[in-house]
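Notes to accompany the following structure.
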Amino acid sequence: MRFIGRLLWLIITVITVIFGMVFATSNNLAITLTLWPFESALSMPVWLLVLSVFGAGVLIGGTFVWLSTFAIRARNWRLQQNVKK
């Protein structure tokens, strides 16, 4: 059963990487970003912007999940203390 799970994750990972490579090679036009309070403009390919935003979302989401584990660990610690009593 564990082998099937690992194989499934491997297949999903390979498909995601292939999709990302196809996306990056097909969207190479440059776009210009101007942020309101700043005077300068930033020019970058579309794929770089999309993958950067995706990566930032993964990092921010992972940070929120990681921080939520502190509350779970504290509750678990309190319950263990109650069981010991």
Hey, any chance V58 and V17 share a hydrophobic cluster, counting ILVMFWY side chains that come within less than 4.5 Å of each other, even indirectly? no
Rounded distance [0.5 Å steps], CG in L7 versus CD1 in I11: 4.0 Å
Other than F70, which residues form its hydrophobic cluster under the rule that side-chain heavy atoms must be closer than 4.5 Å? W66, L67
Just distance, no hydrogens or angles: give the donor-acceptor pairs under 3.5 Å from side chains in residues 28-56, sequence neighbours left out.
unit_1 : atom_1 : unit_2 : atom_2 : d
S52    : OG     : L48    : O      : 2.6

Among I12, T13, V14, I18, which residue meets the side chain to side chain contact (heavy atoms under 4.5 Å, CB included) test with T16? I12
Residue list, side-chain contact (heavy atoms from CB on, under 4.5 Å) with W77, at least two apart or on another chain: Q81
